[in-house]
Amino acid sequence: MSFEFFAPCPRGLEAALAAELAEIASRRLPPGALAVGAEVPGGVHLRGNWAGGMAANLHSRIASRVLLKIAQGPYRSEQDIYTLAAGQRWEQWFTANETLRVDITAIKSPLRSLEFATLRVKDGICDRMRSKAGARPSIDTAYPDVRVFAFLTAGDCTLYLDTSGEPLFKRGWRLDKGAAPLRENLAAGILRITGWTPGTPLYDPMCGSGTFLAEAAQVALDIAPGLDRSFGFERLKQFDSAAWRHLKSEANTARNTAQSRSHHDLLIFGSDISDVMLEKARANFKRAGLGNVPLKQLDARNMTPPADAPGILVANPPYGERIEVRGRNARGEARPTARELRGEDNGDEGFRRAQTQDDAPDSEFFQALGDALKQRFTGWRAFVLTSDRKLPGQLRLRESAKTPLYNGALECRLFRFDLIAGSVRQRPANGGSTPANENA
Ligand SMILES: C[S@@+](CC[C@H](N)C(=O)[O-])C[C@H]1O[C@@H](n2cnc3c(N)ncnc32)[C@H](O)[C@@H]1O
């Protein structure tokens, strides 16, 4: 039996997700189990059988969820949405004993209250269950057994049953995070955009809790991102436990095979100025089953290539609204943070929030970082994720490409700098504009 699925992802990663899903279909599944359809803003359509949907959950590092399409129909009012929801055979999928949560996303919907529309979807499902199963599910917004997503456009409503449960970026190993960690699926998508493959040196000089490094090490060790967690589909009536056991056993075999082969160095390296963050990263790696990722406490301005061969440097430096650059300025003075200046810093986070615009040492930091890249990282390609469009000017480097990406609601750019021998493209300190590829 074939189903339609939709895999949402952070905006900007649709092409990376489509490529990843095509790879999952060809490497992990028999022909015909999963076919990748259209990329649309915010996700990718899929068609496949139940094993295909489960494999997408187990193996996708970039998708946020895998949603199963239940129905689609035109609407003009909340009543139309109620009728669509009440007309579906929900009793095929779950019982009235399961708890339920409904979420709505809308683009250009004419409805005044999405909250009311959400209630109408919930009423439709509950009324249907009461009439067919004699009882209705109760609502649990915190830990529901079953989630239904409604997606509204100007005139169409699509109802999806979630097969993932907790969002897929929750891999099950992260307990220790800093105040501004990257989501795992954003980090995984960025790694794919960089073109990094296992065996090429990878370095994150501001690694924080280690998200890029953990994602890369899991790729290198062929560890399926969903191996250590449970999924929403396990609670659905259609759950095919034999097919699921088979998929998991193959994923376990792949991990064991990769681990027995990988006595060599992974060539994945990290550093950060904060020992507190490095401790968090180490604890995360341990829980994720990753040894062998060397970490160093270091100011990024003093970084040197951690491997003999050139590789890929990837980082999301502290940026304005979220956290501050730390370290000493050119005169060797430790920089007081904005919170320290306000007497608010309790010093326990490893890095600090809030940044004032006229905090000049930031540009000093980025200029020194740019110098380090130019002088010491010849042959490397550097990828920097930031919400600050002026970053190339601050680094005094000219980007080779920039990709718009969203880190939650924050619009960012992933800048690529090719640090080719003798041709590092410098840009003037005033940050004059450059003709760069916009990989939208
Ligand atoms: C946005 S966070 C990186 C988050 C990381 N990608 C993660 O997923 O946890 C920026 C990191 O830069 C570090 N940092 C700040 N100033 C630094 C400096 N001068 N040198 C090296 N690291 C620095 C902070 O300690 C913080 O961990």
Side-chain angles (χ1 to χ4, degrees), residues 10 61 169-171 173-191 194 202-218 268-285 288 293 295-304 306 313-330 332-340 345 347-355 359 361-373 382-388 391 394-395 405 407-408 410 412 414:
R61 299 178 196 279
F169 59 78
K170 296 199 176 171
R171 314 286 200 222
W173 51 260
R174 195 209 281 274
L175 288 179
D176 274 328
K177 49 185 176 186
L182 272 189
R183 283 205 173 150
E184 287 75 353
N185 61 339
L186 179 57
I190 289 173
L191 280 178
T194 69
L202 182 80
Y203 178 36
D204 179 351
M206 284 167 268
C207 68
S209 60
T211 318
F212 282 125
L213 308 174
E215 288 300 313
Q218 291 215 327
I268 295 172
F269 308 89
S271 57
D272 197 285
I273 199 166
S274 159
D275 54 342
V276 179
M277 292 312 299
L278 293 174
E279 270 319 304
K280 288 182 197 288
R282 282 190 193 101
N284 283 333
F285 295 164
V293 179
L295 296 176
K296 228 184 189 176
Q297 189 178 4
L298 189 72
D299 187 320
R301 289 169 290 188
N302 301 328
M303 65 187 178
T304 52
L313 183 148
V314 66
N316 78 304
Y319 33 71
E321 314 96 80
R322 303 192 80 185
I323 59 174
E324 290 186 2
V325 170
R326 297 184 68 198
R328 294 178 179 274
N329 65 19
E333 299 153 345
R335 303 178 48 205
T337 65
R339 286 178 71 201
E340 279 168 343
D345 191 5
D348 65 356
E349 277 189 320
F351 53 79
R352 330 303 207 226
R353 291 172 175 282
Q355 175 79 54
D359 204 355
D362 256 14
S363 51
E364 215 173 78
F365 170 80
F366 284 111
Q367 194 179 322
L369 194 69
D371 289 347
L373 287 171
F383 292 81
V384 184
L385 178 74
T386 178
S387 60
D388 183 355
L391 183 91
Q394 290 186 312
L395 292 171
L405 289 176
N407 184 6
L410 193 63
C412 294
L414 180 68

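Counting starts at 1 for both ligands and their atoms, in listed order.
Looking only at side-chain heavy atoms (C-beta outward), Leu369 and Val384 stay at 4.5 Å or farther from each other.
One finds the CD1 atom of Ile273 at 10.5 Å from the CG atom of Leu278 (value rounded to the nearest 0.5 Å). With values rounded to the nearest 0.5 angstrom, Leu202 atom CG is found 9.0 Å from Phe212 atom CZ. Ser271 OG to Asn302 CG: the interatomic distance, rounded to the nearest 0.5 Å, is 10.0 Å. Atom CG of Asp299 sits about 9.0 Å away from atom CE of Met206, to the nearest 0.5 Å. To the nearest 0.5 angstrom, Arg174 atom CZ is 10.5 Å from Lys280 atom NZ. Rounding to the nearest 0.5 angstrom, the gap separating the CE atom in Met277 from the CG atom in Leu295 is 11.0 Å.
When each atom of ligand 1 is checked for a heavy atom of Leu182 under 4.0 Å away, the hits are 7 (C), 8 (O). The distance from ligand 1 to the heavy atoms of Thr211 drops below 4.0 Å at these ligand atoms: 7 (C), 8 (O), 9 (O). Here is the list of ligand 1 atoms found below 4.0 Å of a heavy atom in Met206: 3 (C), 11 (C), 12 (O), 21 (C), 22 (N), 23 (C). For ligand 1, the atoms closer than 4.0 angstrom to any heavy atom of Ser209 are 7 (C), 8 (O), 9 (O). For ligand 1, the atoms lying closer than 4.0 Å to a non-hydrogen atom of Ser274 are 25 (O). Taking every heavy atom of Leu298 and a limit of under 4.0 angstrom, the matching atoms of ligand 1 come to 20 (N), 21 (C). Ligand-side atoms of ligand 1 in range of Phe365: 18 (C), 19 (N), range being under 4.0 angstrom from any heavy atom.
Of the N or O atoms in Asp299, one or more lie within a sub-3.5 Å distance of an N or O in ligand 1. Here's the thing with Phe212: none of its N/O atoms is less than 3.5 angstrom from an N/O atom of ligand 1. For Asn316, a nitrogen or oxygen atom sits less than 3.5 Å from a nitrogen or oxygen atom of ligand 1, counting backbone and side chain alike.
Shown here are the side-chain hydrogen bond (donor to acceptor under 3.5 Å, both in side chains) partners of Arg61, two or more places apart in sequence or in another chain: there are none. By the salt bridge (charged side-chain N to carboxylate O under 4.0 Å, His left out) test, Arg282 pairs with Glu279, sequence neighbours left out.
Residue-level proximity to ligand 1 for Cys207 is carried by the backbone, the only part with a heavy atom below 4.0 angstrom.
When the heavy atoms of Ile273, Asp204, Leu385, Asn407 are ranked by distance to atom 23 (C) of ligand 1, first place goes to Ile273.
Using a 4.0 Å cutoff on heavy atoms, Pro205 counts as a contact of ligand 1.
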